[in-house]
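Just follow the structure's listing: the first ligand is 1, and inside any ligand the first atom is 1. When a residue number appears, it is its place in the shown sequence, counting from 1.
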Amino acid sequence: MSCGVVPSPVTPGSSGTVMFMCGIIGYVGERDAQTVIISGLKRMEYRGYDSAGIALVTSQGIDVRKKSGKLVNLEKELQAHPMASSHQGIGHTRWATHGGPTDQNAHPHLGQTGRVALVHNGIIENFATLKAELAKQAATFTSDTDTEVVAVLLEREVASGQSLLDAMRATVGRLEGAFTLVAVDTDSPDTVVAARRSSPLVVGVGQGENFLASDVASFIEYTREAIELGQDQIVELTPSSVTVTSFDGTPAVTRPYHIDWDLSAAEKGGYDWFMRKEIFEQPKAVADTLLGRINADGQLTLDEMRIDTAQLRSVDKIIVVACGTAYHAGLIAKYAIEHWTRIPVEVEIASEFRYRDPIITRTTMVVTISQSGETADTLMAIRHAREQHAKVVSICNTNGATIPRESDAVIYTHAGPEIGVASTKGFTTQLIACYLLGLYLAQVKGTKFGDEIVAQVRELEALPAKMDEVLHDLEATLALARDMLSEHTVLFLGRHVGFPVALEGALKLKEISYLHAEGFAAGELKHGPIALIEEGLPVFVVVPPQGRDQLHDKMVSNIQEVRARGARTIVLAERGDDLAEEFADTFLPLPVVPTLFQPVLAVLPLQVFSCEIATLKGYDVDQPRNLAKSVTVE
Ligand code: AGP
């Protein structure tokens, strides 16, 4: 699999955005294609990638150059070995998820005879079946990506005499999953063809030239006239024409529009901050982290769980190790994994872990959670764990990073690069990966029946739509931010899995708005923190679902306690929870979900609140003072 694309040019808060973050560009026209493509890829560097490539249709056939690492590596290659001139080509920056960031796995990929070049964003779910079918027909492959399988398929279609457009149509008919494909063919001069399913692609309409890109930033310097491709549409570009049809061949209705963003806004898909863009990418990030995790007979399959089931069955203790937001995800994971597997779970701050002389045996599993996969504290912790012969599983968003490389097994989140320093989609997709790990262990240990596991997975699969619901009902949250600009202290309370949500809400607020914010276990109030309550003090309260009477009623009592002392209560609870709403100065309703999964929803208004209050204060939300996105020093 390669990766994905940036949000389509939709208005903030729309569910039209997609989480994939690789960059695609295609060009046909009068300019030097290499110049257009490389500059277009540069416009997309901001989103993070780990390899880059270009393919040009030249008089000597298709010429491809691709290098792992940053674009500068590709540019050095092009300086050392210049490409022949061309006015037709495609380019790609890859954010690896399936298949490491190597030269071979970089895009573009060629068919067997080198006649067709293809770039791809997304996940081809049935690529293994297709690859086996092609291998039986003596096809050979140079990479371990799903994209190369598509390139071989496409080339076989054009070799049968079809036009590149018809060949693309036939090819997409064989594919399952989410994908954007862009291809060129030596024998189709002045033509670029693309197909879009679930990963947006935009046409840049020029004069005597046309562009394709996953991000309008790539062609905005040449044209501001664009057409966003719709779901299951195919486009054929020539220098003078743009022809859009549906996968079934019927002419498609297009939606031309004028891009009036400046370049900076274009890079953020129209949002003011990467953080805000990433907040709204979360439904798709969660959906794509779930994609392909459960097979046809309802069995969970995980990316690279390279620990055999016998060893997994012998695990008698789990220690989760992480920092910051990732640590909060680990705290939530504890409740879920212990409930499903009955294995005791400890959760440790990575910088504390190895100094407390932890008790680790060969039957201990250490789980690290890290968005960047480079956090020094976490890396040092797993090195210590491995010296003690523990099995290490990492949950990571960055393919090929140091931490997954040094782990025995890895579960990748498919959130795409997270640019904002304050983690948002990194957190919610970490939760999904933790739930999947817990259910997988329950499946292996037999502590949950197959149907019980499938039922939980179905609940997880229902989360993106519920996240969208929350993200489309933010007026009260945004009004709170405006109303609380002068506050100096904000408290957050929660119980059970709501307690780590309280910690995360406090972290979000303090790290980007520099306000004093603290999260507490609500039951701890009477042991000290309630002394902080004074008239008008804002207290966010995360209330467990009503089904958990014990927890729910105690939480409502806590709300009454702080309210009785003058606190301003902002209550996050299930829609219809009248008892909780009764004691709320502001009620932020949440869709109904199982208790263990409520953090995925409850954290959203807290992210939005923090982003908005920091914005109103005029702070740099994406690059807060004193902070780095990845803390690579201990
Ligand atoms: C969260 O908003 C912060 N950016 C920070 O706490 C972060 O979660 C922590 O540094 C861990 O980073 P990692 O997930 O890349 O290991």
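Nearest protein heavy-atom neighbour of atom 9 (C) of ligand 1: C323 O, 3.8 Å. With respect to atom 15 (O) of ligand 1, the closest heavy atom belonging to the protein is S372 OG, 2.7 Å. In this structure, the protein non-hydrogen atom closest to atom 3 (C) of ligand 1 is E511 OE1, 3.6 Å. Nearest to atom 10 (O) of ligand 1 among the protein's heavy atoms is V631 CG2, 4.2 Å. If you check which protein heavy atom lies closest to atom 14 (O) of ligand 1, you get Q371 N, 2.7 Å.
In the vicinity of K508, heavy-atom distances shorter than 4.0 Å reach the ligand 1 atoms 1 (C), 2 (O). The atoms of ligand 1 that sit less than 4.0 Å from any heavy atom of G324 are 6 (O). Atoms of ligand 1 lying under 4.0 Å from any heavy atom of V421, numbered from 1 in the order shown and given with element: 2 (O), 3 (C), 4 (N). The contact set between ligand 1 and A422, taken as ligand atoms under 4.0 Å from a residue heavy atom, comprises 2 (O). Atoms of ligand 1 found under 4.0 Å from any heavy atom of S423 (numbered from 1 in listed order, with element): 1 (C), 2 (O).
The CZ atom of R276 sits 9.5 Å away from the OH atom of Y271 when rounded to the nearest 0.5 Å.
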task = Report the C-alpha distance between K66 and D103 in whole Å, list the side-chain angles of each, state the deciding distance to 0.1 Å, and finish with yes or no for side-chain contact (heavy atoms from CB on, under 4.5 Å).
result = CA-CA 6 Å; K66 49 190 190 174; D103 291 0; 5.6 Å; no
query = Can I512 and K508 be said to form a side-chain contact (heavy atoms from CB on, under 4.5 Å), step by step?
reply = CA-CA 6 Å; I512 60 176; K508 287 282 104 37; 5.6 Å; no
query = Please walk me through it: do Y335 and H496 pass ring pair (Phe, Tyr, Trp, His ring centres under 6.0 Å)?
reply = CA-CA 8 Å; Y335 291 92; H496 194 259; 4.5 Å; yes
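No donor-acceptor contact under 3.5 angstrom links the side chains of Q607 and E278, judged on distance only. At a cut-off of 3.5 Å, with distance as the only test, a side-chain donor of S423 or E418 sits close to an acceptor on the other residue.
For T375, every heavy-atom contact with ligand 1 shorter than 4.0 Å involves the side chain, none the backbone. At a heavy-atom cutoff of 4.0 Å, ligand 1 is contacted by no atom of E374, backbone or side chain.
Taking A333 as the reference, I337, C434 meet the side-chain contact (heavy atoms from CB on, under 4.5 Å) condition, with sequence neighbours excluded.
The closest non-hydrogen atom to atom 8 (O) of ligand 1, taken over I512, T325, L507, I395, comes from T325.
Between H120 and H107, the angle of the ring planes stays under 30°, which puts this pair in the parallel group of the 30/60° scheme.
Checking only distances, S370 does come within under 3.5 Å of ligand 1, N or O to N or O.
E511 places no side-chain N or O within donor-acceptor distance of the main-chain N or O of A422, the cut-off being under 3.5 Å.
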